[in-house]
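In this text the structure is predicted, and so the values were computed from the model without any measurement. Residue numbering restarts at 1 for every chain, and letters A, B, ... go by the order of the sequence lines.
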Amino acid sequence: MTERSSNAEAVRAFRLLADLLDIGGESAYRAGAYRRAAEGIGRISEPLEAVRRRGGLQEIPGVGPSIARKIGELLDMGTIQQLEEVGREVPPGVAGLLAVPDIGPKRARLLWEEAGVDGLDALRVALEAGRVDELLGPGEARRINQGLGTLHEGEENRLPLGVARRMALDLIDHLREAAPLISRVEPAGSIRRFREAVGDLDIAAASEEPREVVEAFASLEEVSRVELKGPNRCRTILGNGFPADLWVLPERYWASLFFHVTGDKYHDIRLRDMAITRGGRLNEYGYTEGDRLKTFATEVEIYEFFGMQCIPAPMRSDVGEIDLALRGGLPRVLGLDDLKGDLHAHTDWSDGTASVRQMALAAKERGHEYLAITDHSRGLGVANGLDAERLREQGQEIDRVNAELAPFRVLQGVELEVRADGSLDLPDEVLDELDLVVASVHTGLRQDGERLTARALSAIRHSLVDVLAHPTGPIVGGRSGGDFDVDALYAEAAKTETVLEIDGDPSRMDLRDEHARAAIAAGCSLSVDSDAHSVGALGNILYGVGVAQRAWVPPERVLNILPLEGLLARLEETRSRKGSG
DNA sequence: GCCGTTTTCGGCCCGACTGTTTTCAGTCG
């Protein structure tokens, strides 16, 4: 993973360069170009060094000849000369001020030049001494002081998608109670785009009385502070410190508003560019040419207006989807309806909360044809893992449930521990009796990369392992993943036809989007699962679908789009091929 | 600095909100 860190370094370097140029009074467009390039670099999973080797740097969105050259400097010398030079003019600490809400490049420059503020600590001192008040006025000083209070230094203040989405849905419920005049209200922004970590809640609403809805929103119990409030817009900070934004317009603007609030920014800008070349402009009300406004009933109509296919929200990021949609060549990506079943779920036999029958009934109700019960194996003692004996007993219970619920089918599987030495937690003759074996590396994630990778590879190669669960091992917002050589995993999984999982549990989201994209490019098949430990959590498969869409995963590369018979045949084929190979 | 179904030069998204600006600059999403 050492190569990959150079991507993160480049993102940091170009962001810093952009900030410093901005503060130094350089053209905002030039500074913006560096910021755009940082964005583009942040979205690729391939190491920059590898991209350079194949001459592909300028294919990165926002990277042209000049920035490509600077990427070269960074790779070869570990620094960018221009950054060093600009850093001598403007102390890099000044760029840190931009993280404070209401401080942009102009105020950062003013604070630094007029009050010697060269970082966040100096800002606190200056606020204390009343110098910010003198420079910017009491109102701005108050806002900046508040903004500084919500700023968590270092760590980016983002929440796992599942947590953020739950918060947004609760907020929406309460808003509907408080403001009955709402005709529509939906989470938008990065929640709707299924980013695995979310920085704020963006909510779009339609109402003929926008002002009343804004007032109701600002008065919700959850809201601890209103940062900004207008007739159709409100930005708040919730009691837990998390920002929540609301946009409200009358129903006839809904599609344009929903599109606008969904983003992402660069996708939005590309469509606005297209509006300009047509002689008009695109905004959250519709398309305006002269004094004539054309509104849209649906997002599909917006895209059709520009002669494009409609792009699913998770795919909106201006990394090529727009050009494909213009040519009618947007690939079909996995949808929730494509999935015929779920291949990873737990019951009260290990650390789940529901019985086999309860889980099966709930899966059946969701329209699934099958559900694999994959309780933990014995090695994960903390999760009450099953040994061979208890697996046999559980098999009898599964048989009874299958007799009752046919043609729905409960598959008996196991989530099998890959031990610290790379051996598997149950003997082959036990695994051979099961419908599905999902292998997992849960423990010893702090091992060095070589050993970790070797463990995962040995699981992938094993003839009775069908799926490698949550292959990289991170917990969103918590511990980072193991130091796996992911490219080696993809290559081996593709070769052996072992399936890699997209685990939809919101605290995992693993594989994440960039990994899933790389795995698809390497030729792997994937499964998209809930990893549910309760009946309600079966719905988490939706998050897995979101990740798959962000990664442009085509349905035909996903194992559990297969109907039951096809799935069983496929599992058997792959096992026998691996066994003989 | 990037980029092109009007462009290889001359543009660069758009609108909302705040403060102390009496007509707009700065910031944000």
Is the shortest distance from a Lys or Arg side-chain nitrogen in [X] or [Y] to a carboxylate oxygen in the other one below 4.0 Å?
X: A:Arg270; Y: A:Asp323; value: yes
X: A:Glu140; Y: A:Lys106; value: no
X: A:Asp264; Y: A:Arg316; value: no
X: A:Asp170; Y: A:Arg166; value: yes
X: A:Glu39; Y: A:Arg43; value: yes
X: A:Arg292; Y: A:Glu289; value: no
X: A:Arg36; Y: A:Asp318; value: yes
X: A:Glu514; Y: A:Arg512; value: yes
X: A:Asp202; Y: A:Arg235; value: no

Task: Within residues 80-97 of chain A or reaching into it, pairs that qualify as side chain to side chain donor-acceptor pair (under 3.5 Å) - sequence neighbours excluded - done: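 Counting only pairs at least two positions apart or across chains, the side chain to side chain donor-acceptor pair (under 3.5 Å) contacts touching residues 80-97 of chain A are A:Tyr34-A:Gln82, A:Lys70-A:Gln82, A:Thr79-A:Glu84, A:Gln81-A:Glu85.
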Task: Heavy-atom neighbours of A:Arg54 CZ exceed 12 at 6.0 Å - done: yes
Open item on the list: Please tell me if A:Tyr285 has a side-chain N or O lying less than 4.0 Å from either OP1 or OP2 of B:dA16.
Closed with: yes
Task: Residue A:Pro231, side-chain atoms from C-beta onward, closest of B:dG19, B:dC17, B:dG1 - done: B:dC17
TODO: Would you indicate which nucleotide in B:dG29, B:dT18, B:dC2 comes nearest to any side-chain atom of A:Arg233?
DONE: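 Closest nucleotide to the A:Arg233 side chain: B:dG29.
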Just to be sure I understand the rule, does [X] reach a base, reach only the sugar-phosphate, or reach nothing, if contact means heavy atoms closer than 4.0 Å?
X: A:Val261; answer: nothing
X: A:Arg270; answer: nothing
X: A:Leu136; answer: sugar-phosphate
X: A:Arg142; answer: sugar-phosphate
X: A:Asp200; answer: nothing

May I have the distance from [X] (atom [atom1]) to [N] (atom [atom2]), rounded to whole angstrom?
X: A:Arg278; N: B:dT7; atom1: CZ; atom2: P; value: 17 Å
X: A:Phe259; N: B:dG15; atom1: CZ; atom2: C1'; value: 15 Å
X: A:Arg235; N: B:dC17; atom1: CZ; atom2: P; value: 14 Å
X: A:Asn232; N: B:dG15; atom1: CG; atom2: C1'; value: 10 Å
X: A:Leu57; N: B:dC2; atom1: CG; atom2: P; value: 12 Å
X: A:Asn145; N: B:dG19; atom1: CG; atom2: C1'; value: 17 Å
X: A:Glu59; N: B:dC3; atom1: CD; atom2: P; value: 12 Å
X: A:Lys70; N: B:dG1; atom1: NZ; atom2: P; value: 5 Å

Quantified in whole Å, what is the [atom1] atom distance between nucleotide [N] and nucleotide [M]?
N: B:dT21; M: B:dA16; atom1: P; answer: 24 Å
N: B:dC9; M: B:dC24; atom1: P; answer: 35 Å
N: B:dT20; M: B:dT27; atom1: P; answer: 14 Å
N: B:dT7; M: B:dC12; atom1: C1'; answer: 13 Å
N: B:dC13; M: B:dG4; atom1: P; answer: 13 Å
N: B:dT8; M: B:dC2; atom1: C1'; answer: 12 Å
N: B:dT22; M: B:dG29; atom1: P; answer: 27 Å
N: B:dT18; M: B:dT23; atom1: C1'; answer: 15 Å

- [ ] Run the numbers on A:Ser256 and A:Glu284 for side-chain hydrogen bond (donor to acceptor under 3.5 Å, both in side chains), then give the verdict.
- [x] CA-CA 5 Å; A:Ser256 292; A:Glu284 55 267 51; over 6 Å; no
Task: Sidechain-backbone polar pair: A:Asp510 side chain, A:Gly473 backbone, donor-acceptor under 3.5 Å - done: yes
Open item on the list: Would the distance check show the side chain of A:Glu321 and the main-chain N or O of A:Val319 forming a donor-acceptor pair, the cut-off being under 3.5 Å?
Closed with: yes
Open item on the list: Under 6.0 Å from the ring centre and within 45 degrees of the ring axis: does the NZ or CZ of A:Arg252 meet both conditions for the six-membered ring of A:Tyr285?
Closed with: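 Ring-cation test returns no.
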Open item on the list: Using a 6.0 Å distance limit plus a 45 degree cone around the ring axis, check whether A:Arg281 lies over the aromatic ring of A:Tyr287.
Closed with: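 Output no; distance or angle outside limits.
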- [ ] Decide side-chain hydrogen bond (donor to acceptor under 3.5 Å, both in side chains) for A:Asp268 and A:His260; before the verdict, give the C-alpha distance in whole Å, the side-chain angles of both, and the deciding distance to 0.1 Å.
- [x] CA-CA 7 Å; A:Asp268 209 359; A:His260 167 71; 3.3 Å; yes
Among [range], which ones have heavy-atom contacts with DNA chain B below 4.0 Å?
range: residues 242-249 of chain A; answer: A:Asp245, A:Trp247
range: residues 293-330 of chain A; answer: none
range: residues 221-230 of chain A; answer: A:Leu228, A:Lys229, A:Gly230

Task: Flag side-chain contact, heavy atom, 4.5 Å: A:Asp121 against A:Arg124 - done: yes
Tabulate protein N/O versus nucleotide N/O from nucleotides 8-13 of chain B, keeping only pairs under 3.5 Å, one per line.
unit_1 : atom_1 : unit_2   : atom_2 : d
B:dC13 : O2     : A:Arg272 : NE     : 3.3
B:dC13 : O2     : A:Arg272 : NH1    : 3.0

TODO: Please tell me which of A:Arg143 and A:Gly280 maps to the more 5' nucleotide of DNA chain B, matching each residue to the nucleotide holding its nearest heavy atom.
DONE: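 Of the two residues, A:Gly280 wins.
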Open item on the list: If you assign A:Ala68 and A:Asp202 each to the DNA chain B nucleotide with the nearest heavy atom, which residue ends up on the more 5' nucleotide?
Closed with: A:Ala68
Please produce a list of atom pairs where a protein N or O lies less than 3.5 Å from an N or O of nucleotides 24-26 of chain B.
none

TODO: May I ask you to check whether A:Phe259 and A:Tyr303 place their ring centers less than 6.0 Å from one another?
DONE: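 Yes, the ring of A:Phe259 comes within the 6.0 Å limit of the ring of A:Tyr303, centre to centre.
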TODO: Just name whichever nucleotide pairs with B:dT8, Watson-Crick or G-U, keeping both distances under 3.5 Å, else none.
DONE: none
